[in-house]
Amino acid sequence: MATGILAVQGAFIEHEHILNRLGADTIQLRQKSDLYKDFDRLILPGGESTVQGKLLKDLGMFDILKEKIESGMPVLATCAGLILLAENISNDTRTYFQTLPITVKRNAYGRQLGSFHYNGDIKGLGTFPMEFIRAPYIEAAGDNVEILAYVHNKAVAARYKKQLGFSFHPELCSDNRIHKMFLEL
Ligand code: GLN
(Lines give C-alpha, C1' and ligand atoms only; values in the text may rest on other atoms or scores of the structure.)
Protein backbone atom coordinates (compact mmCIF):
# COMPACT_ATOMS: atom_id res chain seq x y z
CA MET A 1 0.00 0.00 0.00
CA ALA A 2 0.99 3.64 -0.38
CA THR A 3 2.43 6.28 1.92
CA GLY A 4 0.28 9.39 2.30
CA ILE A 5 2.38 12.56 2.30
CA LEU A 6 0.79 15.66 3.77
CA ALA A 7 0.97 18.14 0.91
CA VAL A 8 -0.82 21.27 2.10
CA GLN A 9 2.42 23.27 2.55
CA GLY A 10 6.16 22.79 2.84
CA ALA A 11 8.79 20.36 1.56
CA PHE A 12 6.61 17.38 0.66
CA ILE A 13 7.87 16.73 -2.87
CA GLU A 14 11.35 15.81 -1.62
CA HIS A 15 9.88 13.03 0.53
CA GLU A 16 7.89 11.80 -2.45
CA HIS A 17 11.03 11.61 -4.61
CA ILE A 18 12.97 9.63 -2.01
CA LEU A 19 10.15 7.13 -1.44
CA ASN A 20 9.58 6.71 -5.18
CA ARG A 21 13.31 6.10 -5.66
CA LEU A 22 13.03 3.40 -2.99
CA GLY A 23 10.20 1.84 -4.99
CA ALA A 24 7.40 2.85 -2.60
CA ASP A 25 4.07 4.27 -3.80
CA THR A 26 2.95 7.65 -2.53
CA ILE A 27 -0.22 9.75 -2.45
CA GLN A 28 -0.26 13.51 -1.85
CA LEU A 29 -2.74 14.44 0.85
CA ARG A 30 -4.02 17.86 -0.21
CA GLN A 31 -7.67 17.81 0.82
CA LYS A 32 -10.11 15.88 2.96
CA SER A 33 -11.18 13.52 0.16
CA ASP A 34 -7.55 12.34 -0.18
CA LEU A 35 -7.76 10.90 3.34
CA TYR A 36 -10.22 8.25 2.12
CA LYS A 37 -7.72 6.87 -0.40
CA ASP A 38 -5.67 3.79 0.42
CA PHE A 39 -2.55 4.58 2.39
CA ASP A 40 -1.13 2.89 5.46
CA ARG A 41 1.76 5.22 6.35
CA LEU A 42 2.02 8.95 6.80
CA ILE A 43 4.68 11.61 6.28
CA LEU A 44 4.42 15.04 7.89
CA PRO A 45 6.98 17.24 6.08
CA GLY A 46 8.88 20.36 7.10
CA GLY A 47 7.50 23.79 6.40
CA GLU A 48 5.66 26.09 8.76
CA SER A 49 3.81 24.29 11.53
CA THR A 50 1.44 27.18 12.23
CA VAL A 51 0.35 27.32 8.58
CA GLN A 52 0.07 23.54 8.27
CA GLY A 53 -1.90 23.30 11.52
CA LYS A 54 -4.33 25.99 10.43
CA LEU A 55 -4.80 24.47 6.96
CA LEU A 56 -5.38 21.00 8.44
CA LYS A 57 -8.20 22.40 10.55
CA ASP A 58 -9.67 24.65 7.85
CA LEU A 59 -9.67 21.78 5.33
CA GLY A 60 -11.31 19.36 7.78
CA MET A 61 -8.31 17.01 7.73
CA PHE A 62 -7.08 17.40 11.30
CA ASP A 63 -9.32 15.01 13.25
CA ILE A 64 -9.11 12.23 10.68
CA LEU A 65 -5.31 12.31 10.62
CA LYS A 66 -5.07 12.52 14.42
CA GLU A 67 -7.22 9.42 14.69
CA LYS A 68 -5.09 7.52 12.18
CA ILE A 69 -1.92 8.36 14.14
CA GLU A 70 -3.55 7.44 17.44
CA SER A 71 -4.63 4.10 16.02
CA GLY A 72 -1.03 3.26 15.18
CA MET A 73 -0.41 4.36 11.59
CA PRO A 74 3.38 4.65 11.14
CA VAL A 75 4.44 8.30 10.84
CA LEU A 76 7.63 10.00 9.71
CA ALA A 77 7.67 13.63 10.79
CA THR A 78 10.37 16.15 9.94
CA CYS A 79 10.91 19.60 11.43
CA ALA A 80 7.48 21.33 11.30
CA GLY A 81 6.01 17.81 11.25
CA LEU A 82 7.73 17.04 14.55
CA ILE A 83 6.12 20.18 16.00
CA LEU A 84 2.71 18.99 14.79
CA LEU A 85 3.16 15.68 16.65
CA ALA A 86 4.49 17.15 19.91
CA GLU A 87 2.38 17.07 23.05
CA ASN A 88 3.78 20.46 24.15
CA ILE A 89 5.50 23.40 22.51
CA SER A 90 7.42 25.35 25.13
CA ASN A 91 7.46 28.69 23.31
CA ASP A 92 4.03 28.64 21.67
CA THR A 93 0.54 28.38 23.10
CA ARG A 94 -0.67 26.40 20.08
CA THR A 95 -0.54 22.61 19.94
CA TYR A 96 -1.60 20.18 17.21
CA PHE A 97 -1.87 16.36 17.15
CA GLN A 98 -0.20 15.88 20.56
CA THR A 99 0.37 12.18 19.86
CA LEU A 100 4.10 12.19 20.71
CA PRO A 101 4.88 12.79 24.41
CA ILE A 102 7.65 15.33 23.99
CA THR A 103 8.08 19.05 24.56
CA VAL A 104 9.68 20.87 21.62
CA LYS A 105 11.01 24.38 21.29
CA ARG A 106 10.27 26.02 17.93
CA ASN A 107 13.01 27.91 16.05
CA ALA A 108 15.19 26.73 18.89
CA TYR A 109 18.57 27.61 17.43
CA GLY A 110 17.92 31.34 17.23
CA ARG A 111 18.88 33.62 14.38
CA GLN A 112 22.61 33.09 14.19
CA LEU A 113 22.41 29.34 13.98
CA GLY A 114 19.10 29.41 12.11
CA SER A 115 20.26 26.96 9.46
CA PHE A 116 23.23 24.65 9.67
CA HIS A 117 24.61 21.31 8.61
CA TYR A 118 25.91 18.73 11.07
CA ASN A 119 27.15 15.18 10.70
CA GLY A 120 25.54 13.58 13.71
CA ASP A 121 25.11 10.08 15.03
CA ILE A 122 21.74 8.35 14.85
CA LYS A 123 21.12 5.33 17.05
CA GLY A 124 21.05 2.23 14.88
CA LEU A 125 22.14 4.09 11.73
CA GLY A 126 25.49 5.73 12.48
CA THR A 127 26.67 9.05 11.07
CA PHE A 128 24.00 10.94 9.14
CA PRO A 129 24.14 14.29 7.28
CA MET A 130 21.66 16.54 9.10
CA GLU A 131 20.23 19.74 7.57
CA PHE A 132 18.71 22.05 10.15
CA ILE A 133 16.47 24.89 8.92
CA ARG A 134 14.90 27.07 11.63
CA ALA A 135 14.57 23.80 13.45
CA PRO A 136 13.00 22.81 16.74
CA TYR A 137 14.75 20.64 19.31
CA ILE A 138 13.30 18.33 21.92
CA GLU A 139 13.47 19.76 25.43
CA ALA A 140 11.80 16.93 27.32
CA ALA A 141 10.49 13.47 26.52
CA GLY A 142 8.17 10.98 28.19
CA ASP A 143 9.43 7.69 29.64
CA ASN A 144 8.62 5.56 26.63
CA VAL A 145 10.13 7.89 24.08
CA GLU A 146 13.44 6.72 22.66
CA ILE A 147 15.81 9.57 21.79
CA LEU A 148 17.69 8.59 18.64
CA ALA A 149 20.09 11.52 18.27
CA TYR A 150 21.62 14.48 20.08
CA VAL A 151 23.28 17.50 18.51
CA HIS A 152 25.06 20.01 20.77
CA ASN A 153 23.56 18.11 23.72
CA LYS A 154 20.00 18.64 22.52
CA ALA A 155 17.72 15.82 21.46
CA VAL A 156 16.86 16.07 17.75
CA ALA A 157 15.32 12.70 16.89
CA ALA A 158 12.78 10.56 18.69
CA ARG A 159 10.82 7.38 18.31
CA TYR A 160 7.62 6.55 20.15
CA LYS A 161 5.59 3.51 19.12
CA LYS A 162 5.28 3.93 15.33
CA GLN A 163 6.02 7.65 15.32
CA LEU A 164 9.46 8.77 14.11
CA GLY A 165 10.30 12.46 14.44
CA PHE A 166 13.34 14.46 13.38
CA SER A 167 14.29 18.12 13.94
CA PHE A 168 16.29 18.13 10.73
CA HIS A 169 15.45 17.32 7.08
CA PRO A 170 16.47 13.81 5.96
CA GLU A 171 14.56 14.47 2.70
CA LEU A 172 17.08 17.18 1.75
CA CYS A 173 20.10 14.89 1.54
CA SER A 174 20.97 11.98 -0.70
CA ASP A 175 21.03 9.53 2.20
CA ASN A 176 17.81 7.51 2.26
CA ARG A 177 18.42 5.40 5.37
CA ILE A 178 15.85 7.25 7.48
CA HIS A 179 13.16 6.70 4.86
CA LYS A 180 14.11 3.03 4.70
CA MET A 181 13.83 2.83 8.48
CA PHE A 182 10.37 4.39 8.21
CA LEU A 183 9.26 1.92 5.52
CA GLU A 184 10.35 -0.91 7.79
CA LEU A 185 8.32 0.31 10.81
N1 GLN B 1 10.30 26.96 11.99
C2 GLN B 1 9.29 26.10 11.46
C3 GLN B 1 8.10 25.96 12.41
O4 GLN B 1 8.12 26.49 13.46
C5 GLN B 1 9.85 24.74 11.15
C6 GLN B 1 10.91 24.87 10.09
C7 GLN B 1 11.02 23.71 9.15
O8 GLN B 1 10.15 22.85 9.03
N9 GLN B 1 12.10 23.70 8.42
O10 GLN B 1 7.15 25.35 12.06
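Atoms within a ligand are numbered from 1 in the order they appear, just like the ligands themselves.
- Close approach of ligand 1 to Gly46 (heavy-atom distance below 4.0 Å) involves ligand atoms 8 (O).
- In this model, a donor atom of one side chain and an acceptor atom of the other lie less than 3.5 Å apart for Glu16 and Gln28.
- For atom 9 (N) of ligand 1, the candidate residues are Arg106, His169, Arg134, Glu48; the nearest heavy-atom contact is made by His169.
- Between Tyr109 and His152, the ring planes are perpendicular. Angles over 60° get that label, and only those under 30° would be called parallel.
- Using a 4.0 Å cut-off between a side-chain N of Lys or Arg and a carboxylate O of Asp or Glu, Glu48 and Arg106 qualify as a salt bridge.
- More than 12 heavy atoms of other residues, nucleotides or ligands lie within 6.0 Å of NZ in Lys66, so this atom counts as buried by the packing criterion.
- What sits closest to atom 1 (N) of ligand 1 on the protein, heavy atoms only, is Asn107 OD1, 2.6 Å.
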Salt bridge (charged side-chain N to carboxylate O under 4.0 Å, His left out) assessment of Lys37 paired with Asp34: CA-CA 5 Å; Lys37 296 180 178 165; Asp34 295 329; 2.9 Å; yes

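- Taking every non-hydrogen atom of Ser49 and a distance limit under 4.0 Å, the qualifying atoms of ligand 1 come out as 3 (C), 4 (O), 10 (O).
- For atom 2 (C) of ligand 1, the nearest non-hydrogen atom from the set Pro136, Gly47, Cys79 belongs to Gly47.
- Interface of Ile83 with ligand 1, defined as ligand atoms under 4.0 Å from a residue heavy atom, comprises 3 (C), 4 (O), 10 (O).
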